[in-house]
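Only one structure is covered here, and it is reproduced in the block below.
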Amino acid sequence: MEASGPQLVIDVPAWVDAVTAAGASYATDEQKMALAIRLARENVHQGAGGPFGAAVFEIGSGRIVAAGVNSVVRRQNSVLHAEIVALMLAQQRVGSFTLRAPGQPAHELVTSCEPCAMCLGATLWSGVSRLVIAATREDAMAVGFEEGPVFPESYAYIAERGVTTVWGVGREEAASLLRGYRDGGGAIYNAVPPPGRAG
C-alpha cells in the first residue's frame with residue numbers, strides 16, 4: 001500500500017558508505033573516534049550539514065553497525081542529529097527497537113561531540129551500553145550551538161541504568177573542527193533566542 005501525505009526520510013548521504021566501509025571492525029576507542037570525526041569533517045566538506053558525526057559499534061567485535069552525520073539542514077528536520085541518525089539506522093539494521101535485545105551483542109555509541117539533551121535521552125533509550133565522547137558541550141556552545149539541559153546528574157542517571165561514558169577521546173581534533181566550521185561561516189542552525197525575546 002502506498003503511503004499518502006507527508007513522509008519522513010532518515011538516511012545518510014551516499015558518501016558515508018565509502019567512508020565507513022560497512023561491516024569493518026575498529027579495535028580501539030581512538031580508531032572508532034577517528035571515524036566519527038572523519039564523518040563530521042566530511043559532512044562539512046560535502047556541504048551536507050553540521051560538524052557532527054557518530055557511529056554505533058558492537059562492543060565485543062568492534063564491528064560498525066551504522067553511522068550517522070548531522071542532517072538537520074539537509075533534511076529540514078531539527079531532530080536529525082548525528083547520534084539520532086546513527087541510533088535509528090543501527091536499530092533498523094539489527095531489527096529491534098533496542099540495542100540490548102536478547103541474543104544481540106552489546107553496542108556503543110561513539111560521537112564527535114557530547115550529545116545534546118535530546119541525543120542523550122535517545123542514547124539512554126536506544127539500549128547502548130557505552131557512550132564515547134570527543135568534544136564537550138562547552139566546545140559546541142563556544143561556537144554558538146545550543147545543547148539544552150544536560151547536567152552532571154544526567155550522566156549519573158544513565159550510569160545507574162547501565163550506560164558507561166568515556167570522555168575526551170579525540171577532543172582537541174573534534175573541538176578544532178567545530179571552531180573551523182564556525183570560522184568558515186557554517187550555519188549555527190539551532191541557536192535559541194534569549195528568554196523574553198521572540199524568535
Side-chain angles (χ1 to χ4, degrees), residues 10 12-13 16 19-20 24 26 28-44 48-59 62-72 74 78-91 93 99 106-143 145-152 154-155 157-159 161-181 186 189-190:
I10 301 165
V12 290
V16 169
V19 170
T20 59
Y26 299 79
T28 66
D29 286 348
E30 290 73 18
Q31 290 173 347
K32 295 167 189 172
M33 187 59 74
L35 174 64
I37 294 172
R38 183 177 174 200
L39 287 164
R41 180 176 288 108
E42 191 66 17
N43 205 42
V44 173
F52 304 99
V56 173
F57 299 87
E58 290 180 355
I59 290 178
R63 185 180 73 85
I64 185 167
V65 179
V69 292
N70 182 279
S71 298
V72 169
R74 182 176 66 88
S78 63
V79 305
L80 292 184
H81 291 195
E83 299 95 328
I84 297 287
V85 173
L87 291 169
M88 287 193 288
L89 293 176
Q91 290 174 340
R93 289 203 174 130
L99 296 173
H107 293 85
E108 62 189 340
L109 174 65
V110 178
T111 179
S112 68
C113 187
E114 181 177 351
C116 69
M118 173 184 69
C119 293
L120 191 61
T123 298
L124 171 63
W125 295 318
S126 72
V128 297
S129 301
R130 194 165 181 263
L131 171 63
V132 184
I133 297 169
T136 64
R137 67 183 272 109
E138 289 76 21
D139 296 326
M141 292 177 79
V143 302
F145 283 104
E146 171 61 48
E147 295 296 284
V150 177
F151 310 103
S154 306
Y155 287 95
Y157 187 93
I158 69 170
R161 285 151 181 82
V163 182
T164 302
T165 303
V166 177
W167 298 87
V169 178
R171 178 183 179 186
E172 287 308 314
E173 184 180 1
S176 176
L177 176 61
L178 291 170
R179 292 189 296 271
Y181 176 78
Y189 43 79
N190 73 338

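It should be emphasised that the depicted structure is a prediction, and the values quoted were computed from it without experimental measurement.
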With sequence neighbours excluded, residues passing side-chain hydrogen bond (donor to acceptor under 3.5 Å, both in side chains) with [X]:
X	answer
E108	K32, R130
E42	Q46
Y26	none
S71	R74

| request: Give the C-alpha distance, both sets of side-chain angles, the deciding distance and a yes or no for side-chain contact (heavy atoms from CB on, under 4.5 Å) between L87 and L99. | output: CA-CA 9 Å; L87 291 169; L99 296 173; 4.2 Å; yes

| request: Not counting sequence neighbours, list each pair that qualifies as a salt bridge (Lys or Arg N to Asp or Glu O under 4.0 Å) and has a residue in residues 78-91. | output: none

| task | Among residues two or more places apart or on two chains, list those pairs meeting salt bridge (Lys or Arg N to Asp or Glu O under 4.0 Å) that have a residue in residues 131-142. | result |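 For residues 131-142, and leaving out neighbouring residues, the salt bridge (Lys or Arg N to Asp or Glu O under 4.0 Å) pairs sorted by first residue read D139-R171.
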
| field | Side-chain donor or acceptor of S176 paired with backbone N/O of E172 under 3.5 Å | value |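 Not a single qualifying donor-acceptor pair exists.
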
| request: Ignoring hydrogens and angles, tell me if any N or O in the side chain of S112 forms a donor-acceptor pair with the backbone of A174 under 3.5 Å. | output: no

Atom pair [atom1] ([X]) and [atom2] ([Y]), whose distance is rounded to the nearest 0.5 Å:
X	Y	atom1	atom2	result
H107	E58	NE2	CD	5.0 Å
S126	L109	OG	CG	7.0 Å
T123	M118	OG1	CE	10.0 Å

| message | Do L131 and L120 have side chains that approach each other closer than 4.5 Å (heavy atoms only, starting at C-beta)? | response |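 Yes - at least one pair of side-chain heavy atoms lies under 4.5 Å apart.
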
| task | Side-chain contact test, heavy atoms from C-beta onward, threshold under 4.5 Å: evaluate it for L178 versus F52 and give yes or no. | result |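 SC-SC contact between L178 and F52 confirmed.
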
Looking at residues at least two apart in the chain, or sitting in another chain, which of them share a side-chain contact (heavy atoms from CB on, under 4.5 Å) with [X]?
X	result
V72	N70, H81, Y189
V44	P51, Y181
P152	none
E173	I37, R41

| field | E147: partners by salt bridge (Lys or Arg N to Asp or Glu O under 4.0 Å), with sequence neighbours left out | value | none

Nearest atoms (heavy-atom pairs only) where [X] meets [Y]:
X	Y	answer
A54	A86	O-CB, 3.9 Å
G62	F57	O-CD2, 3.5 Å
C113	T136	SG-O, 3.8 Å
G68	L39	O-CD1, 4.3 Å
V12	A67	CG1-O, 3.5 Å

| request: Using side chain to side chain contact (heavy atoms under 4.5 Å, CB included) as the criterion, point out the one residue from L80, V79, I84 that pairs with I10. | output: L80

| Of V132, I133, V110, T111, which is the lone residue that meets side chain to side chain contact (heavy atoms under 4.5 Å, CB included) with V169? | V132

| Can you name the residues that form a ring-ring contact (aromatic ring centres under 6.0 Å, His included) with W125, not counting sequence neighbours? | none

